[in-house]
2 protein chains.
Amino acid sequence: MSNVKVPPLLEPGPSGVVVSCCPPLTERPLTAEEAERTAAMFKALGDPVRLRLFSAVASHESGEACVCDISDVGVSQSTVSHHLKRLKVAGLLTSERRGTWVYYRIEPSVLAAMGKLLATTSTA
Amino acid sequence: MSNVKVPPLLEPGPSGVVVSCCPPLTERPLTAEEAERTAAMFKALGDPVRLRLFSAVASHESGEACVCDISDVGVSQSTVSHHLKRLKVAGLLTSERRGTWVYYRIEPSVLAAMGKLLATTSTA
DNA sequence: CACCTATGTTGACACATGTCAAACCAGCGT
DNA sequence: ACGCTGGTTTGACATGTGTCAACATAGGTG
């Protein structure tokens, strides 16, 4: 699997803040590299199970959720773990182990960055 | 070509306006069906080539573009056509033939709907 | 320590997907 | 009619992806 290391869609900044990589889709045609990064982000959310997991974490109080709280999405536990890892690798989630349980929380600026991508530059 | 299998992420409304199908991801965990619809939309944009094509159309003047204007994305023309069809089936683009050329335009409310999905309802 | 629960990892497998070449269709010229 | 250009469809193929069962690891509790 060491073929193509997908560059992170959002680059971690100095203060733990992430920076959006790309301009709004409506501003100008994305370059190949921009599209590669941005598509990775969309692709991460392009699976129903992952989207439910992401939504479950994002909507949880305090912005974080234990795996045990969100793993009821109709697939096996190992599959849940697999998808959570994909979301983590994609930079959309972070995880932290506290005692017995592992907590996932969303990378807050991700939503803003994606929102910016979809923002209509026009005055719509 | 009327065998639409994937349920449209956005439902066409009375006045040609489309209606968003799902609440913001941060509002509450998506249901299985909601996730299915929404993921289809993200998946459509989850490929670099498709994303470039979509961006190329979205950023084109007058919101539409001839295939010949956007097909320079590094893959064969048939592949471009294939991706454009996928975007069309996903409800993100529409196409119209005018004489020799085929023009694609974006479904305008798609961007707004996806933006809503990513909107942070909290005062964060 | 042994045991149990909560997650993650690995291996295997079926299915979806991206790609191209080649055949095909649709207009526009001459 | 013919050919030519723009686009789509089809067939084939390699790769990617989602899934589970089985195994592994981490951290509690007895």
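Values in this document were obtained by computation on a predicted structure and should not be read as measured data. Letters go in sequence order (proteins before strands), and every chain restarts at 1.
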- Check whether any side-chain heavy atom of A:Arg97 sits under 4.5 Å from a side-chain heavy atom of A:Val102, and report yes or no. yes
- Is the CD atom of A:Gln77 crowded by more than 12 outside heavy atoms at less than 6.0 Å? yes
- Task: Quickly work out the B:Leu87 CG to C:dG18 P distance and round it to whole Å.
- Result: 10 Å
- Query: Is A:Leu53 reachable from A:Val75 through a run of I, L, V, M, F, W or Y residues, each pair having side-chain heavy atoms under 4.5 Å apart?
  - Reply: yes
- Message: Can you see if the side chain of A:Thr79 gets near the phosphate of D:dC20 - specifically, an N or O under 4.0 Å from OP1 or OP2?
- Response: yes
- Task: Could you state the atom-to-atom distance from CH2 of B:Trp101 to C1' of C:dA26 in whole Å?
- Result: 13 Å
- Within residues 53-78 of chain B: residues closer than 4.0 Å to DNA chain C (heavy atoms): B:Val75, B:Ser76, B:Ser78
- Report the distance from atom CG of A:Leu117 to atom CG of B:Leu118, rounding to the nearest 0.5 Å. 9.0 Å
- Item | Gap between atoms NE2 and P, on B:His83 and D:dG7 respectively (whole Å) | 17 Å
- Report yes if a side-chain nitrogen or oxygen of A:Lys85 is closer than 4.0 Å to either non-bridging phosphate oxygen (OP1 or OP2) of C:dT9; otherwise report no. yes
- Heavy-atom side-chain contact between A:Thr94 and A:Arg105 under 4.5 Å: yes
- Note on the structure: Here the gap from B:Leu25 atom CG to A:Leu111 atom CG, rounded to the nearest 0.5 Å, amounts to 7.0 Å
- Item | Heavy-atom side-chain contact between A:His60 and A:Tyr103 under 4.5 Å | no
- Could you state the NZ-P distance from B:Lys88 to D:dT9, rounded to the nearest angstrom? 7 Å
- Item | Between C:dG18 (C1') and B:Leu45 (CG): distance, integer Å | 16 Å
- Pick base, sugar-phosphate or nothing for A:Tyr104, based on heavy-atom distances below 4.0 Å to the nucleic acid. sugar-phosphate
- Message: I need a per-nucleotide contact map over nucleotides 24-30 of chain D, read 5' to 3'. Cutoff is protein heavy atoms under 4.0 Å; write B for the base, S for backbone only, - otherwise.
- Response: ---SS--
- NZ of A:Lys43 to CG of B:Leu51, rounded to nearest 0.5 Å, is 11.5 Å
Pairs: protein N or O with nucleotides 15-17 of chain C N or O, under 3.5 Å:
| unit_1 | atom_1 | unit_2 | atom_2 | d |
| --- | --- | --- | --- | --- |
| C:dT17 | OP1 | B:Lys43 | NZ | 3.3 |

- Report the distance from atom CG of A:Leu84 to atom P of D:dG18, rounded to the nearest whole Å. 13 Å
- Item | Rounded distance (nearest 0.5 Å) linking atom CZ of B:Phe54 with atom CD1 of B:Ile106 | 5.0 Å
When the side chains of residues 79-90 of chain A are checked against the rest of the protein, which donor-acceptor pairs come out under 3.5 Å, sequence neighbours left out?
| unit_1 | atom_1 | unit_2 | atom_2 | d |
| --- | --- | --- | --- | --- |
| A:Thr79 | OG1 | A:Ser76 | OG | 3.0 |
| A:His83 | ND1 | A:Arg50 | NH1 | 3.1 |
| A:Lys88 | NZ | A:Ser95 | OG | 2.8 |

- Query: In degrees rounded to 10°, what angle is found between the helical axes fit to the five outermost pairs at each end of the helix from C:dC1-D:dG30 to C:dT30-D:dA1?
  - Reply: 10°
- Task: Using the test salt bridge (charged side-chain N to carboxylate O under 4.0 Å, His left out), find all partners of A:Glu34 that sit at least two apart in sequence or belong to another chain.
- Result: A:Arg28
